[in-house]
Structure formats: structure tokens, C-alpha cells
Amino acid sequence: MTDPRRTLPSVSALLESAGVRALLHSTPRGVVVAAARDVVNRARDDASAIPADEREWAQAIAERVALVQRPSLRPVVNATGVVLHTNLGRAPLPAVALVAIARVAGGYSNLEYDLEAGARGSRYTHCAALLRELTGAEDALVVNNCAAALVLALNSTSDKKEAVLSRGELVEIGGSFRIHDIMAKSGARLREIGATNRAHVADYSRAVGVDTGAILKVHRSNFTQQGFVNDVDVRDIAPIAREHGLPIIHDLGSGLLIPLDEIGLTGEPTARMALDAGASIVVMSGDKLLGGPQAGIILGASRWLRAMRENPLARSYRVDKLTLAALEATLTLYREPAEARREIPTLALLGATLSTVRERAERAHQQLVSAGVECELVDTSANVGGGAFPLMQLPSVAIALAGDAERWASALRAGDPAVVGRVSEGYMLLDFRAVTDGVLDGLVSAVVAAHA
Ligand SMILES: *Cc1c(COP(=O)(O)O)cnc(C)c1O
């Protein structure tokens, strides 16, 4: 018997077949040719991948075309149970932010144009007034992310000088973000004080001198310390900073604008609280608890913010119009805290009652069972994520899928929409804490397709 791989059709013959010719109407020729070549090569390497007839060849090529034409960045259903999942794009934007992006993105805008004066304006004016109103800050500036905000604050206050920081706050936020590395790049020299578990006001007063540029406080957003610990409050450092004319930079990280005690999340300071305590500069993320687009928000005294605006580094961290549009719309919701909790998806997901989460999971469960997918509902606990409220367990409900968990995980990741869950104790779990009504049908159809 001859090896079937010897008689594979040529790419040019495939391009002449009816099915492939039809593809050429809707797809650039180069894409179809490359797809046909890929399918032939795959068949050559693996005899079991050889299509049986002309129709199957065309279908294999069409599937390949669809695969390579899929956008690289695409929606994912977050069934991990981590609401602010950095790998999955952190905060889903509120509807008003999407409208705001659409309003300015397709045309021109007054991004850097003062319509009243008919002259060049500044992009930094757009969210500043709202941020001042919402936080009580004297001045505000928006850059690309909180890491950039911190570098800008340190470089503008402490280049070639010392920034004083407690050893207990020398933290790692995520893979590529360690405070001491960021600080080294900012030009500030790290002046460590205290011990890992304890720092005292006297440590700060001893360290501050002619070489000091700033005192830095970093919020322990993704871990906590317990036992023999002592943390120094910004309020207690403020007199030292004032005496030496030094700024206190407070890296808040998660960026809370309103207290979330009502939904059971307590203990994180809001931006207003941090400023009231005496921080001269507060930096925080736009896409963590604030629930807006990726951004670094800088709040504080005009004197320091002016220096940051004039720093050439600010140019390289400058924020895009899409971000400003989305951020302004998100911030506007905070004028009415109840509206913010309802309309900002991050806050709505965190604040959803267990019965709401359970109701969604039950709806999906019923649909899956009717489609013949063997699965059951289980109680779980979800996390806030995004380096916020690290110990907080949010009660949640998951669907546990019967069968090989790893096979499920990879099939679901390959689906459309892709679904990312978590594997726990050998089970594939789809946690519903971060699954909104809007993606429920997509999740169900993706699971059914992955089951087939
Ligand atoms: C998350 C975080 C950052 C980094 O924020 P990005 O917006 O991701 O750059 C910095 N500091 C703290 C304390 C954080 O929690």
C-alpha cells in the first residue's frame, strides 16, 4: 500500500477547488494560501490529519483561516473566582465608560485644546477637577498606571536623594514590580528603616536629614502581617515631614474612592482618608478597586504635582484619550456612591449577594444538565484579587464539571469565548462570582462545545 502522504494534493490544486475558491471571496489570498500550506504540511507530518475528500480539505483550510484571523486580544469569561484578575484585564468597564470611549475614539476631540481660549490646552485638565471633587485633593494628575505614577513621584521628589521606607513595606506587587527595583530606576536611593515586622516613629525621625527627598509609605495591598508587628501611621510621620519640608508619598495601590464597608470590605483606606492623614502625594491604580481603565492616579499638593507635570518623564507616561474618556465617565458615577456600587462592574461583582451568584450558577447548571453535561453545584470562596483585601473570602458558587479537569481546562481555553476557570482537587471549577449575566449564555455554549 502506498503511503497516503505521497499523494497529498498540491497547494495550487487546493486553491482551485470550489470550497477554497469561495473562501477567497472573503479572505485575503495570502491568508488562504498560508492556511492551505499549513494544512498540507500538517497532513504530511501526521497521516491521521489527512482530510478524506475535497470538501474536508476545504473545511480544514477554512478552520485554519478562521483561527489565524482571530484577533489576538479577545474576550474571556472569567470563571476563576478572582474578581480583579490582572491576567484577564482587571476591571471590566462600566457601560458609561464604553459610551464615552466610543464618543471620542472615532473622531477628533479637545484632548489638548482649550475650546474657550481657542488655544493649546492640556490633556491633564480632563479628570483633574472630578478627582479633586471626589477626594478633596488640591491637585490631580493621571498617567498610564500606578507603577508609572510611583516612578514619577519618586523621580520628581527624590532624584539622587534618599526616599525613606520601612522594611515591612519593601514589597513585591506582582512578577515585575518590586518596590526596590522601581525605586532604583526612579533615581531615588532607598533608605530602609525599621525591621521587617516593626517600625517606629523614631526610625523615621532618625533617618530623615539633608539627603532625604521623600518619605514613602506603601500599602500592603496583597499580604498582611500578624503577631509582633508595629506599623507607623502616616498621621504620625506627618509632623516629621512637615518639619523638614518633605513630601510623604503614599502608594495606595488599589485605589478606593468610597468605603466598601457596606459590602463587607473593610480596612482599606480611601484616597480621601490617605490625604486627610497627611500624605502629600497619593498614587493609585485606575483599574483595581476603582473599577475604571488602566491608569495611574496621582493626587496631592499642587506644589508637588506641578513638579511632576513639568518632569520630562511625565511625557513618556502620558495617558491616552481613550483612557481619559473611560476614567472621566467612571469617576462621574462616584458622585452618587450607590450608583457607583451598582454601575461599576467591579463593585457590583464584589457586592453581589450570595443568592445572586447562586441564582446565576443555577441557571447555567440547568442549561448544562439539559445539554447532557455532567456537573454539579458546589460552594466555594472567591477573592477580590488585584492585590486588594488579600485575606477576604467572598462566598461564591461554582459548577464542578465531571471528567478530566486538565482536559476540560485546555478545551475551555481554546473555545469561543474562551473560558478560564480553576482546577481544584482534581475538579474543573467554574466560579460564578465574576460571571455577569451578559456572559452567561456564552459560557454555557462554550462548555457545551468543549464537552462534545
Ligand atoms: C497594584 C499596585 C501597584 C501597581 O499598580 P499598576 O496600576 O498595576 O501599575 C503599585 N503599588 C501597589 C501598592 C499596588 O497594589
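Remember, it's 1-based here, ligands and their atoms both numbered in the order they're listed. Atom set for the values below is all heavy atoms of this structure, side chains included, hydrogens, waters and symmetry mates excluded.
With respect to atom 9 (O) of ligand 1, the closest heavy atom belonging to the protein is Ala147 N, 2.8 Å. Given atom 11 (N) of ligand 1, the protein heavy atom at minimum distance is Asp251 OD2, 2.6 Å.
Per-residue contacts place His219 under 4.0 angstrom from the following atoms of ligand 1 (heavy atoms of the residue considered): 13 (C). Atoms of ligand 1 lying under 4.0 Å from at least one heavy atom of Ser285, given by number and element, are 5 (O), 6 (P), 7 (O).
Salt bridge annotation for Arg306-Glu310: absent, with no cationic side-chain nitrogen under 4.0 angstrom from a carboxylate oxygen. With respect to Glu138 and Arg132, no salt bridge is recorded, no charged nitrogen being found less than 4.0 Å from a carboxylate O. By the 4.0 Å N-to-carboxylate-O rule, Asp431 lies close enough to Arg422 to be salt-bridged with it. Under 4.0 Å is where a charged nitrogen must lie from a carboxylate oxygen, and between Arg335 and Glu133 at least one such pair does. A salt bridge is absent between Glu112 and Lys321: the closest approach of a Lys/Arg side-chain nitrogen to an acidic carboxylate oxygen does not fall below 4.0 angstrom.
On a distance-only criterion, Ile173 and ligand 1 share no N/O pair closer than 3.5 Å.
In Arg90, the part holding a heavy atom less than 4.0 Å from any atom of ligand 1 is the side chain.
Nearest to atom 3 (C) of ligand 1 by heavy atom, out of His250, Glu169, Lys288, Arg220, is Lys288.
A heavy-atom distance below 4.5 Å is not found between the side chains of Leu394 and Asn383.
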